[in-house]
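The structure appears right after this line, and notes come after that.
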Amino acid sequence: MPAADMSDLSDVTDGTGLWSAPTTLRALVGAQLRRLREARGVSREEAAFLLRGSTSKISRMEAGRTSFKVRDVADLLTLYGVTDEGARASLLALVEQANAPSWWQEYREAIPDWFEPYLGLEQDACLIRAFEVQLVPGLLQTEAYARAVIAQGATGSVLEQRVAVRMRRQSVLTGDDPAKLWVVLDEAALHRRVADEATMRAQWEHLARMSELPHVTIQVLPFTSSEIAGGIGPVTILRFPQQQLPDVVYIEQLTTAQYVTKSADVLPHHALMDELGLAALPPDETAGLLRDLAATPSS
């Protein structure tokens, strides 16, 4: 089976560079189906007729915006002339993985619709680069710090579920093959008192410990730096082990988020992160700053 060509992801985004596929696995399956259909010279109308569906159904499948029925994919593979059993089994196994329930489904009522795609992307990423201005990034928060932050906008069961989600997300940094995390943190975020003294001190200590992990890089952009991020607030760039997939820039706003995939829009964010990394304290000096913060007696 030929490799999926995903250099053009216009069908995976909404045409403005906003990511609309819920997981990278669905994006891969959809792109492969599109490539096979086009290579065979089959129209969307012909594919839709086979499935007794509409052309919009085929479009959604190829864009990774819907779950897949194994029977539908098997029928399409036959239509597209894929007869090799190994090739068929490989793609159908990927379909089953893409359809598997996500761990965050049990917290669905507490998760905004616009944030759910990020959970799938973060889970699949092999490298996560982030710049944070006001708060410690969620992947590096202690439970007490996370609870203090989330409590500013949620209460009761919603608060508890969102805290649980934030803690579960951190599993991407554990295990046999953890994601690499590279964070540039504005020094202001360390001093923003979102919680009591004990919680803040524990958070600083946690950051210092996390910075010692070989796959975690933390840098602080000090107050003394003249580097200004051009008005850009928190931003995250996700990279995936599947080289066919583009990097995704995630920009969170008050009631929504942007998922940027167009290369022309992604590259400036990479350049920004590189500049911030050069302007920030090196990782070893950052670790020292964090330890000093945690050890300084409260005034």
Side-chain angles (χ1 to χ4, degrees), residues 1 3-4 6 19 21-32 64 67-68 86-87 89-108 111 115-132 136-146 161-185 202-203 205-219 236-250 259 261 270 273 277 282-284 286-287 290:
M1 181 181 295
M6 298 188 68
W19 187 276
T23 69
T24 56
L25 289 179
R26 286 186 187 176
L28 283 170
V29 171
Q32 187 69 290
S67 58
F68 303 95
S90 177
L91 187 57
L92 291 175
L94 197 61
V95 168
E96 292 184 350
Q97 292 179 47
N99 286 340
S102 304
W103 62 261
W104 56 86
Q105 291 306 308
E106 61 183 289
Y107 307 106
R108 186 65 186 82
I111 300 174
F115 187 62
E116 187 173 358
Y118 178 80
L119 293 174
L121 296 170
E122 183 181 72
Q123 177 178 269
D124 294 335
C126 63
L127 171 63
I128 303 169
R129 300 181 70 182
F131 171 55
E132 180 58 67
V136 173
L139 290 179
L140 296 174
Q141 293 179 4
T142 65
E143 183 172 347
Y145 181 97
Q161 289 187 64
R162 289 183 179 176
V163 171
V165 168
R166 189 157 300 181
M167 295 299 100
R168 287 280 296 272
R169 284 173 52 201
Q170 296 179 3
S171 64
V172 301
L173 299 179
T174 61
D176 296 332
D177 188 24
K180 294 182 179 179
L181 177 66
W182 180 6
V183 169
V184 176
L185 187 64
Q203 178 63 70
E205 292 172 346
H206 179 66
L207 285 171
R209 289 193 299 271
M210 293 297 292
S211 71
E212 297 173 356
L213 298 176
H215 58 284
V216 175
T217 300
I218 302 175
Q219 294 181 260
T236 301
I237 306 177
L238 303 112
R239 177 164 293 173
F240 307 96
Q242 302 90 348
Q243 294 184 0
Q244 306 98 319
L245 290 174
D247 292 352
V248 176
V249 175
Y250 172 76
Y259 296 83
T261 60
H270 274 299
M273 297 294 278
D284 57 340
T286 291
L290 293 169

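- Closest heavy-atom contact between Ala125 and Ala179: O-CB, 3.6 Å.
- Contact record, Leu173 with His215: O-NE2, 2.8 Å, taken as the closest heavy-atom pair.
- The two residues Cys126 and Pro241 make their nearest non-hydrogen contact at SG-N, 3.5 Å.
- Annotation: the span from Leu119 atom CG to Glu122 atom CD amounts to 6.5 Å, rounded to 0.5 Å.
- Glu212 contributes atom CD, which lies 12.0 Å from atom CG of Asp284 (distance to the nearest 0.5 angstrom).
- Judged by distance alone, with hydrogens and angles left aside, the side-chain atoms of Thr174 form a donor-acceptor pair with the main-chain N or O of Ser171 at under 3.5 Å.
- Nearest heavy atoms, Tyr107 versus Ala164: CE2-CB, 3.7 Å.
- In this structure, the separation between CZ on Arg168 and CD on Gln161 is 12.0 Å, given to the nearest 0.5 Å.
- Looking at Glu116 and Gln105, their side chains come closer than 4.5 Å, going by heavy atoms from C-beta outward.
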Hey, can you pull the donor-acceptor pairs under 3.5 Å for the side chains in residues 137-146, sequence neighbours left out?
{"unit_1": "Gln141", "atom_1": "OE1", "unit_2": "Arg166", "atom_2": "NH1", "d": "3.0"}
{"unit_1": "Gln141", "atom_1": "NE2", "unit_2": "Val136", "atom_2": "O", "d": "2.7"}
{"unit_1": "Thr142", "atom_1": "OG1", "unit_2": "Tyr145", "atom_2": "N", "d": "3.1"}
{"unit_1": "Glu143", "atom_1": "OE2", "unit_2": "Arg147", "atom_2": "NH2", "d": "3.2"}
{"unit_1": "Tyr145", "atom_1": "OH", "unit_2": "Val136", "atom_2": "N", "d": "3.2"}

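- A distance of 7.5 Å separates CG of Asp247 from CZ of Phe240, quoted to the nearest 0.5 Å.
- Side-chain atoms of Asn99 never come within 3.5 Å of backbone atoms of Ser67 as a donor-acceptor pair (strictly under, hydrogens ignored).
- Residues Leu238 and Tyr250 come closest through the heavy atom pair CD1-CB, 4.2 Å.
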### Message
Please determine whether side chain to side chain donor-acceptor pair (under 3.5 Å) holds for the pair Gln123 and Trp103, giving the CA-CA distance in whole Å, both sets of side-chain angles, and the decisive distance to 0.1 Å.
### Response
CA-CA 10 Å; Gln123 177 178 269; Trp103 62 261; 3.0 Å; yes
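- Here salt bridge (charged side-chain N to carboxylate O under 4.0 Å, His left out) pairs that include residues 174-185, with residues two or more places apart or in two chains, number zero.
- Here the CG-NE2 distance, from Leu290 to His206, works out to 11.0 Å after rounding to the nearest 0.5 Å.
- Nearest heavy-atom pair across Ser211 and Ala208 is OG-O, 2.6 Å.
- Formation of a donor-acceptor pair under 3.5 Å by the Arg162 side chain with backbone atoms of Val165 is not found in this model.
- Here the side chain of Tyr259 pairs no donor or acceptor atom with the backbone of Val248 at under 3.5 angstrom.
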### Task
In sequence, state the C-alpha distance, the side-chain angles, and the governing distance for Trp104 and Arg169, and then conclude on side-chain contact (heavy atoms from CB on, under 4.5 Å).
CA-CA 9 Å; Trp104 56 86; Arg169 284 173 52 201; over 6 Å; no
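- With contacts defined as side-chain heavy-atom distances shorter than 4.5 Å, the pair Leu185/Leu207 qualifies.
- One finds the CG atom of Leu181 at 10.0 Å from the CD atom of Gln170 (value rounded to the nearest 0.5 Å).
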